[in-house]
Amino acid sequence: MRFLSFLLLAGLLCTCAPSANEQNDGPPPRPNILFIMSDDHAQRAISAYTDELIQTPNLDRIANEGMLFNNSFVTNSICAPSRAAILSGKYSHLNGKIDNLSPFNPDQWTFPEELQKAGYRTALIGKHHLQAQLRGIDEFRGLIGQGSYYSPVFVHNGDTLDAETGYTSTVITDYVLEELQRADTSDQPFCLLYWHKAPHRNWMPDTVDLPGLLDKRYPIPANLRDEYEGRPAAAYADMRIADMFTSHDLKVTGDYQNPDPGTGGATFIKNPRWNMMDNFHRQLDRLTPAQRAAWEPFLQRVGEEWLEVKGTERELEWRYQRYMQDYLASVSSVDRNVGRVLDYLDESGLAENTIVIYTSDQGFYLGEHGWYDKRFMYEESHRTPLMIRYPAAVAAGSSTDALTLNIDLGSTLLDFAGVTPPEDVQGRSLRPILEGNTPEDWREAIYYRYYQNPNSFHRVARHEGVREDRYKLIEYTEEGFEGYELYDLETDPHEMDNRIDDPELEEVQARLMNRMVELKQEMKVPD
Ligand code: CA
């Protein structure tokens, strides 16, 4: 009887208040939004872009059933500043979060809060890394800081929870599925920020990815042994695979190597308590006995391999393969879990009216220039993956070469939700591009700026630059590194040949110098 009256009541409600997902003659229903972001995910590690490294069938679904952005870039290639740029729709100099050390001002405008005001239920689940209580979020389950791969600890709406016993990508996804189930029973549209920790350093694979992992081999980039000729800032940077921590990064335990010989990008960290081997062992202490049993044979073989290769000419290639094995296994955990969520959207009928975005806070080096990490305006970290699916408006299997920026995402989502962002938001809606009508006046060049003090992690000199579809100009303003770099990306896609002051590119150079001045004015850069 109770069920019958529920049905009657539901029928009654439907006749007078159409549900958000129902088509009728009135304004179209507002789309739900599932904004998936991973951390440090290079385009080259998604098979929708290239399958030279990994198969990511679930992530590829988003591109195959929607649009793949071939030229998607960030405005400042480092974690928290990139998240601030996405949330605020503004460059770092205007949102204030210029580097990982500066605070994020939570009182500023963000697109999720605007959606909340427009009637959306908003949720943020996973890693946000902004060390501030974000406004405009109804349901918050966030990792503390970087979070842990195993036994992660979450803060739920202000309360710190007990550590979960699982693997971070899976636990985050379990929470996301709970939130989606709640959304499925409500007529309120949702904006769910589903933000993964993986594949951020230190790339600890899930136990299911450990069997066979050490037998995998990946193609070696042609510039793994880059000598940085004509690029002094690149030569100075501390982000070479050759200097990675053998413990934390490559998983050699104290039974085989102690202390850790790597700099790991921390040349300037003089704290005597800084001991990466202890740090790595503390992470292993987070494993349950069953997880530890799965890790034990893996750790033993890694240690034995290390003793064989260390100090030999094979060491760098071994380090590269070891890094890629763990990085790509972390990507697989994201792919698998995104698949669970896409399946749920299908089964629940939410897929048709849900915009699904997949992106990363920036790209990453996978051995190019001998590096891991990000920060530089070179392609691998300037780019970020972007795929958007929305069956109601976006043709399946479409793609675009338009130059797009991470600050465009908020404006795009607001556009589909029928909300106009404030005038000072710098991002531009991608909606016309998604609908197959790239505007005539779409941007032909993009501005970039990296701010973090070079005497901190990874020693990357501050720089700014401009990129067109073919050419890129970078200016270093740091004392000791002052100067320019100019690249022809068509003939030199790996940016090995700095062509600054090359007479052949005289016109190009002058044009890019001018463009930089114009773009800085347009973007209201103070200097
Ligand atoms: Ca990141």
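For the single chain, residues carry numbers from 1 onward in sequence order. Numbering of ligands and ligand atoms starts at 1, following listing order.
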Test your reading of the model: is there a side-chain donor-acceptor pair from [X] to the backbone of [Y], 3.5 Å cut-off?
X: Tyr327; Y: Arg201; result: no
X: Lys97; Y: Ser102; result: yes
X: Gln426; Y: Met523; result: yes

Below 4.0 angstrom, N of the basic side chain to O of the carboxylate: do Asp249 and Arg322 qualify?
->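 So Asp249 does not pair with Arg322 through a salt bridge.
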
Less than 4.0 Å between a side-chain N and a carboxylate O, is that true for Asp527 and Arg449?
->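 The answer is yes: the pair qualifies as a salt bridge.
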
Any protein N, O or S atom under 3.0 Å from the Ca ion (ligand 1)? Found Asp39 OD1, Asp40 OD1, Cys79 SG, Asp361 OD1, Asp361 OD2, Gln362 OE1

Asp51: salt bridge (charged side-chain N to carboxylate O under 4.0 Å, His left out) partners, not counting sequence neighbours = none

